[in-house]
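First comes the structure, then the notes that go with it.
From a predicted model like this one, the values you see are computed outputs, not experimental measurements. Here is the naming used below: chain letters follow the sequence lines, and residue numbers restart at 1 for every chain. The analysis underlying the following values was restricted to heavy atoms, covering all of them including side chains, and did not include hydrogens, waters or symmetry mates.
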Amino acid sequence: MTTKRSRSLSSAAADSNAPQNGIASLLSPKAQGKRRVTTSSPPPHVGAPPNRLIIAIDLDSFYVSASRLLDPSLIGQPVGVKQKGLLATCSYEARALGVRKLSTVRDALRRCPALILVDGEDLTWYRRLSAKVWRLVRGVVGPWDGKVEKLGLDELFVDVTEMVDAHIRGREEGKTREDAGRVFFQVAPDSEPEAGFWYDTLGKPIGHVLPLDSHASSSEDTPSSTYRSRLILTTHLALHLRNLIHSQIGLTTSAGIAHNKVLAKLVSSRHKPAKQTLFLPRSAEDVVRFLDDEADVRAIMGFGGAIVSKMRESLGATSSEAAANDDASPPLSVSLARKAFPLAHLTTLFGPRLGIRLHGLLRGLDDEEVAPTPLYPLQISIEDTYRGLKGQEVVAEQMRLLAASLLRRLEGELMGSGAGMLSSEPGKAEQMEKQDDRGKWQRHDMPLFLPGEQGNITGKEAPISDQKVIVRCYRERESDPSESSTWQRYPLTVRLSIRHGWGKRTSRSTAMPLDIFDVRTLSRRERAERLAGVLMGLLLRGGPGQGQGQGQISGEALLGGEGLNLINIAALNLATRRPAAQPLRTFFDAGGGGAARQKRDSVDMETLLQLPEDIRREVAAQYGIVLEEQEAVVGAEQESRLDTGCEEDEDDALWDDLPPIPAMDPSSPANIASSSLVCSHCGVAEAPWLQHDHARWPIYGVPAVLLGSATASEGSGA
DNA sequence: CTGGGGTCCT
DNA sequence: AGGACCC
C-alpha cells in the first residue's frame, strides 16, 4: 500500500521542482542502485525513496517537570533530581547557573549552592506520567495505524505516515473542511469531527527548519502532495501533539520531524526546550552536510561508547594519532568518521550487520522502524546500589526489601481488570482530546503520602559535601490490588544481577516461584519472603564454571572482598496465562534414563505445598511423597549420595514448606544443617535458599556439607 | 567516585 | 549469560 501511495505522490512531485525536490537524490547512489539480495523481507520503505514521516518527541527535563507537577514551588527554581550521588537531570534554571546533567551532586552544589535537590530514586511517579503521555499520543495516532515507540521515560518516536496520508487522501477527495486558505486536519475518527486542528495551506512549516537555507530556497513550493509538503504538514501535526501533551498533562516538549528516527531525534535536540525542528533536506548532500556539522559522532543514536572507543583506537593505529582509550579523549567528528571508515573497514571492525548499519548512519540512512511499544513490557526490574554490602544477614535483609519492592511493582503494573488498566483505552484518549486544547491541565491523581505537616514534601537530610542538604522526596501511598483485579501477565523467570565492587555485572536466573501470584492467600511479606529465598539461592549458585557448586562465588558475595555494589532483580518471560505448576521435571525428563520413574502427575506440587501442614502431610503420605524435615545429615552419607547423582533417582524433588531466610551465620555448618531439608529425590540436604534451584537442577544445588566447608575457609571454621 | 531503569543482539 | 545500545 505504500507503493501505491508513493507513486501518486511522486507523480505529483514530478511536475514542479523535480530535480530539487530530492526524493530520489536523498538516497546515496549506492543505495539507489542496490536491490535487496537478502532473503529476509525488508521493511516496505527499505530501498525505496524516503517516504516515512517520523516525529521524535522529547519531554523537557522530564524528571524536573514531573516533580514540578507535584510541587509547584519548584517552578522557576534551579532544581536537580538526584539518584544517589548523581544528578539524573536538572532544570534549565540550574543549567544557566552552570549545573550539568549527570554531574555528581557534590559538583553541582559546588557550582550552585542554591540548587534544590529532589530525590529521584523512586521512579513510580515518573513512570506513571510517562505512560500517560504515551497513551495520549497513541490514542491520537493509533486509530490511523500510527505507531508510537517509547524510548526510556522521556522520549517517543511516532510514525504518522499513514495518518498524514489518510488526511491528504481525504483532502484530495474534497472531504476536508476548508476555510479561507486553511484546512482542518481532523484527528479523530468521524465520530469526533471537532477533534483536530486548522493549518495554513500556504505550506509554511511550524518551528525551526534545517538545513537553514532549505525552506527558503523552495518557497515557491505549492502545497501539493509532494514529500516535502508532507513533511511540512507533519510539523503541524507535531505541534498538535505537543499542544495536547502540554494542555492535558502539563509537560513541555521538544520535537524533531524527519524521514527517519535517527535524523528526527538528532534535530529534535537542536532547539531545546519547548521547540520543534523540521529536517527538510533537498538532497543526500544536504544530509551529509548537516551531519558533518556534528562534532561528535556519539550524537548519532547507535554510536555508543564501546563503538566509538573501538573506532578511535583503530584510528590511532593507522593514523598515528595519539588517541588512547581515554574518557577525556577528544570527540570523533562525524565527518572524520565518515571519511576514515569506509564500509569494508566498519564491517571488519563490527561484523557485517552492525558495520553496514553504522556506515549508513554516518550518511543519515536509517531503516529502523518505529516499533510500537507493547502494552506490557518484556521485563520489569528494580535495583539499588550500595557501598560494599556484605554479610549474610545484611544481604538477606536487602533481598527481602527488594523482593517486596518488585512485588509491589508487579502488582501495580501486571494486575488489572480484564480490559487492562494500563491499556490504551482508545476512547478515553479521544475524549481527552475532545476537550479544548487550552483547557485546564488534568488533575494528577498521585495519591500522596503526607508525612510532613507543611504539605506533601518529605524533607530528608543527607550529608553531602560536608553539609546537611535537604532533599525533597515525594512518596506515593501504598495500596493493595483491588478485589476485582487479576494478573494480566505472569513473569515465569526471575533474574538476579549483582555487581561486585566495581567489577562487571553478573547474573543468574531461575524459575519464578509461582506462589508470588497468590495475592489473595498470601501477604506481600510472605510472598516477598519466598522470592527472597529464591534470590538468595541464586546468589549462592555461582557460575556454570562452578560445576558442582563449590560455593566460591557465594562465599565471596556474602562475606568477602568488597561486597556487593549493586543488586538488580528482574521479572521476565511474561506469560499470558498462569502455568499449572512449577516445571520440576524437565531436567529428569531430558535425562532419558527415567523409564522406571514413577509418575506422580496427578499431584500438583504447588497446591500441595500450600495446604495446611496436617492435611499436607496426610496427602503426601497417601502419594508416598517425603515431606520430612530433617535435623542434620551425616556428612559421609551425603557425599556418597552426591556421587551417585540425583538424576538416577526416581522421585521428584520436594521440599517442605519453606521457612523464612534464616538470620544466621552461614559460615556455621551447624546452622546450615539445622535448617536444611533433605531432598526427597536424592537425599541431599540443602539450605533453604538452595532448595528452589536444587529442585530444578539438582546437580547445581550446593549440598550443605560443601557449602559449609567452602564458607568455612573464610568464616568460622568447619 | 558511576542512577535506575529498559531494548536488542551475540 | 553477557554485552552492546538507549534514556
Q: Identify whether any heavy atom of A:G302 sits under 4.0 Å from a base atom; if not, whether one sits that close to sugar-phosphate; answer base, sugar-phosphate or nothing.
A: sugar-phosphate
Q: Mind checking A:G351 for me? I need base, sugar-phosphate or nothing, with any heavy atom below 4.0 Å counting as a touch.
A: nothing
Q: Rounded off to whole Å, could you give me the CG-to-C1' distance for the A:D366 and C:dC5 pair?
A: 14 Å
Q: Taking only the side-chain nitrogens and oxygens of A:K265, find out if one of them lies under 4.0 Å from OP1 or OP2 of C:dC7.
A: yes
Q.
Is it the case that the side chains of A:T347 and A:H359 hold a donor-acceptor pair, with the cut-off being a distance below 3.5 Å and no angle test?
A. no
Q: Using distance alone, with no hydrogens and no angle criterion, decide if A:S254 and A:K272 have a side-chain donor and acceptor under 3.5 Å apart.
A: no
Q) What nucleic acid atoms does A:A88 come within less than 4.0 Å of, heavy atoms only: base, sugar-phosphate, or nothing? A) nothing
Q. Mind checking which nucleotides bracket the chain A contacts on DNA chain B, 5' to 3', with an atom under 4.0 Å from a heavy atom?
A. B:dC1 to B:dT10
Q. So which one's nearest nucleotide on DNA chain B is more toward 5', A:D122 or A:W502?
A. A:W502
(Q) Whether A:K82 and A:D119 form a salt bridge (side-chain N of Lys/Arg under 4.0 Å from carboxylate O of Asp/Glu) is what I want to check. (A) no
(Q) Could you check whether any side-chain N or O of A:S91 sits under 3.5 Å from a backbone N or O of A:A94, counting only pairs where one atom can act as donor and the other as acceptor? (A) yes
Q: On DNA chain B, check which nucleotide each of A:S381 and A:L102 is closest to and give me the residue with the more 5' one.
A: A:L102
Q: Would you indicate what A:R127 reaches in the nucleic acid, counting non-hydrogen atoms under 4.0 angstrom: base, sugar-phosphate, or nothing?
A: sugar-phosphate
Q: Send over the distance from A:L358 CG to C:dA4 P, rounded to a whole Å.
A: 14 Å
(Q) Could you spell out the base pairing of DNA chain C as a dot-bracket line? Use Watson-Crick and G-U wobble contacts where both distances are under 3.5 Å, [ ] for crossing pairs, | for partners on a different strand. (A) |||||||
Q. With sugar-phosphate meaning primed atoms plus P, OP1 and OP2, does A:L354 contact a base, only sugar-phosphate, or nothing at under 4.0 Å between heavy atoms?
A. nothing
Q: Check the pair A:T385, A:I567 against side chain to side chain contact (heavy atoms under 4.5 Å, CB included), reporting the backbone distance first and the verdict last.
A: CA-CA 6 Å; A:T385 54; A:I567 302 179; over 6 Å; no
(Q) Under 4.0 Å, heavy atoms only, any strand: does A:F303 hit a base, just the sugar-phosphate, or nothing? (A) sugar-phosphate
Q) Base, sugar-phosphate, or nothing for A:E383, non-hydrogen atoms under 4.0 angstrom? A) base
Q: Would you confirm whether A:D159, through its side chain, and A:K147, through its main-chain N or O, come within 3.5 Å as a donor-acceptor pair?
A: no
Q) Within the pair A:T506 and C:dG2, is there a side-chain N or O less than 4.0 Å away from OP1 or OP2? A) no
Q: Calculate the interatomic distance between A:K261 atom NZ and C:dC7 atom P; express it in whole Å.
A: 11 Å
Q.
Classify A:I382 by what it touches in the nucleic acid, base, sugar-phosphate, or nothing, heavy-atom distance under 4.0 Å.
A. sugar-phosphate
Q: Tell me yes or no: between the side chains of A:R495 and A:S507, is some donor less than 3.5 Å from an acceptor?
A: no
Q. Contact class for A:L123 vs. all strands (heavy atom < 4.0 Å): base, sugar-phosphate, or nothing?
A. sugar-phosphate
Q: Would you indicate what A:R357 reaches in the nucleic acid, counting non-hydrogen atoms under 4.0 angstrom: base, sugar-phosphate, or nothing?
A: nothing
Q: Give every residue pair that meets the salt bridge (charged side-chain N to carboxylate O under 4.0 Å, His left out) criterion with at least one member in residues 89-100 of chain A, sequence neighbours excluded.
A: A:R68-A:E93
Q. A:W125 ring centre to A:R127 NZ or CZ under 6.0 Å, with the angle to the axis within 45°?
A. no
Q: Tell me yes or no: between the side chains of A:S67 and A:Y126, is some donor less than 3.5 Å from an acceptor?
A: yes
